[in-house]
Amino acid sequence: MMKIYNTFTKTKEEFRPINPPNVTMYMCGPTVYNYFHIGNARSFVMADIVRRYLEFKGFNVKFTMNITDVDDNIIKKSNEEKKSTTDVAGFYTEAFFEDVRRLKIKTASVYPKATLHITEMIEVIRELEKKGFAYNVNGNVFYDVSKFSNYGKLSGKNTEDLESGARVDVNEEKKNPLDFALWKKAKEGEPSWDSPWGKGRPGWHIECSAMSTKHLGKSIDIHAGGNDLIFPHHENEIAQSEACFEQKFVKYWLHFGFLNMQNEKMSKSLGNFFTAREVLDKYPAEAIRLFFAQTNYGGPLNFSDELLNSAQKGYEKILNLADKIERGIKLDAKSGVIPEFDVKKYYSDFEKVMDDDFNSPQAVAVIFDFIRAANKIIAGNNNIDSIFYHGLKKFLKDTAENVLGIIHLDDLTNALNSDTDNNQIELLIKKRDIAKKEKNFALADQIRAELTNLGIILQDSKTGTTFKKINLK
RNA sequence: GGCGCUGUACCCAAGUGGCUUAAGGGGAAGGUCUGCAAAACCUUUAUUCGUCGGUUCGAAUCCGACCGGCGCCUCCA
């Protein structure tokens, strides 16, 4: 039985999708006015792990991530850079896809763009207006929060408290300070579209209601995003969708904790962030993903080089085993010994912990338990049959690679097999072996040092010398 | 002010009533192997879970108070 923590009910619930084996999942994506930062990356990666685990469980997941390509920040940026909003959005959309690819996040089923769904948004707003949930003031259309009785249920707020909060914007046109914009009247020089209320552009929240419905249906299984979207964004989405379509919008709400810098939320407005691409230039994606996966998705997580380095060491530990597995397979020893090894147990442990609200830290622990056990067997046996290595590889592929994305075995295979300089390395190793036999250790060490400088680490063992490459990306 | 999260070893972190006198990663120390390394393997590194009380046969886990850190209530993953 799979359990999932639902922000709406604040409890872990059994996961039962509306239409099994299909699962509909919507994740709030980027507003494309800048490169996304490593804190955003945490949410994207953890959503990716959730999606991949659902697929591991045999669900057919339709995963949608929106791209907000019209909003205040994009307009601001386009003015600053003296470019069109289309150019700004286009540029950062491409950058987004590039970073997602580098983070080895699986491509979504659809990436709907706000500007391509204006018609759908207008339809939802018209319906809301017809039903009395929206009002038009001089071309600005607002949602009337007082008409929606469940307002505040997701975020645990009540309208009285919110109204008494001093920080809500005072806007003369709104009936109530909590009301939010569905449609914004066009200002000079801003991108705009024709609508029943005149030229304008959509408010922020309406795109998710419209696009989620269009691509996934009126009721969806999972809606995910960062903690900071609970209020007001997701609250407003519920108000819009449920008022418009008169059915439950989302069955399970999933929210991700923040990535902190020295215990402070990393955010664009505070300026205390690193872009995902900066971090990807320093660490392999697998190490970054391992760093994220080692903590529960819902809580806070501090970011620092020290912590990333420690994750990278962990990743290298996985690589070391993977490397041995590749070599074992390459040797292809038939009719060698087949050691006792209960791979099934690791599968069931992995599944058990991931079933419990995607407990990736424990899943990682299972992987490392597996690694220790496998290493022990490899160290203790000569002439192991290649069938054993194939079993190990399959497990790592199914769990560490396909679900967590903390290793990519094919990259390793390719590096091992297709690199043209491998022959030269082998030649140097032979030279060094001869030097060692002649007790010419000075020469042997010199050869090793040269290779080390090239990122090639030699490993002597009873069966001969092997090498591995570091900084494999 | 309202709502919510959080405090576990040197660092990160899981565990939320008995299976745990606390997983996993990093770090550190000793050992096996080795010409020396590296990797791997073995051993050690929290009788203790912010503090003080309480409930219970039994608590890191439940309750209360207190202390500390953070977030949301305004754009933000």
Side-chain angles (χ1 to χ4, degrees), chain A residues 7 10 27-31 33 36-47 71-73 76 152 155-158 160-169 178 204 224-233 235 255-260 262-270 273 290-291 293-296 298-302 304 306-321 323-324 353 356 359-369 371-372 374-380 436 439-442 444-445 448-449 452 457-462 465-468:
Chain A
T7 312
K10 294 188 177 63
M27 168 79 185
C28 284
T31 300
Y33 70 100
F36 67 84
H37 61 62
I38 191 68
N40 303 125
R42 182 188 184 197
S43 289
F44 297 158
V45 166
M46 293 318 288
D71 100 311
D72 292 351
N73 286 313
K76 199 175 146 209
S155 52
K157 299 180 190 305
N158 59 63
E160 292 82 51
D161 288 344
L162 285 167
E163 280 166 28
S164 63
R167 292 162 73 188
V168 177
D169 227 7
L178 295 180
W204 174 35
N227 260 324
D228 47 1
L229 296 183
I230 296 173
F231 189 90
H233 186 53
E235 198 71 74
H255 290 99
F256 305 108
F258 300 127
L259 192 65
N260 294 154
Q262 283 144 336
N263 288 326
E264 242 188 359
K265 178 186 173 184
M266 180 184 286
S267 77
K268 288 181 182 163
S269 40
L270 286 171
F273 63 89
L290 176 63
F291 168 65
Q294 273 179 312
T295 305
N296 278 331
L301 171 62
N302 266 309
S304 74
E306 191 195 350
L307 296 171
L308 257 295
N309 278 323
S310 137
Q312 170 143 5
K313 287 277 168 56
Y315 167 53
E316 280 166 16
K317 194 165 176 171
I318 309 173
L319 269 184
N320 283 329
L321 175 64
D323 188 67
K324 284 181 208 163
V353 298
D356 184 14
N359 195 325
S360 59
Q362 292 207 53
V364 168
V366 171
I367 306 280
F368 280 108
D369 283 341
I371 290 170
R372 193 181 329 106
N375 275 329
K376 198 166 176 173
I377 288 170
I378 294 168
K436 277 170 68 181
K439 306 259 181 217
N440 186 351
F441 297 124
D445 287 351
R448 185 170 63 196
T452 304
I457 306 293
L458 298 189
Q459 297 169 180
D460 294 335
S461 74
K462 284 171 200 157
T465 302
T466 60
F467 66 90
K468 68 170 182 175

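Letters go in sequence order (proteins before strands), and every chain restarts at 1.
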Touch class at under 4.0 angstrom, heavy-atom based, for A/N302 against every strand present: nothing
Sugar-phosphate, base or nothing in reach of A/F368, heavy atoms under 4.0 Å: sugar-phosphate
d(CG, A/D228; C1', B/C3) in whole Å: 16 Å
Closest to the A/A379 side chain, choosing from B/A40, B/C76, B/A14: B/A40
Sugar-phosphate, base or nothing in reach of A/D369, heavy atoms under 4.0 Å: sugar-phosphate
Nucleotide-resolved protein contact map, nucleotides 28-35 of chain B, B/S/- at heavy-atom distance under 4.0 Å: -------B
Closest-nucleotide ordering on RNA chain B, the 5'-leading residue of A/N309 and A/G257: A/N309
Touch class at under 4.0 angstrom, heavy-atom based, for A/H233 against every strand present: nothing
Sugar-phosphate only, base, or nothing, as touched by A/G39 at under 4.0 Å among non-hydrogen atoms: base
A/Q312 CD - B/C11 P separation (whole Å): 22 Å
Who pairs with B/A23 - Watson-Crick or G-U, where each distance is under 3.5 Å: none
Sugar-phosphate, base or nothing in reach of A/L270, heavy atoms under 4.0 Å: nothing
Of A/T31 and A/N359, the one whose closest RNA chain B nucleotide lies more 5': A/N359
Touch class at under 4.0 angstrom, heavy-atom based, for A/M46 against every strand present: nothing
Nearest-Å distance for atom pair CD/P, residues A/Q294 and B/G26: 8 Å
Closest to the A/K265 side chain, choosing from B/C73, B/A14, B/G71: B/G71
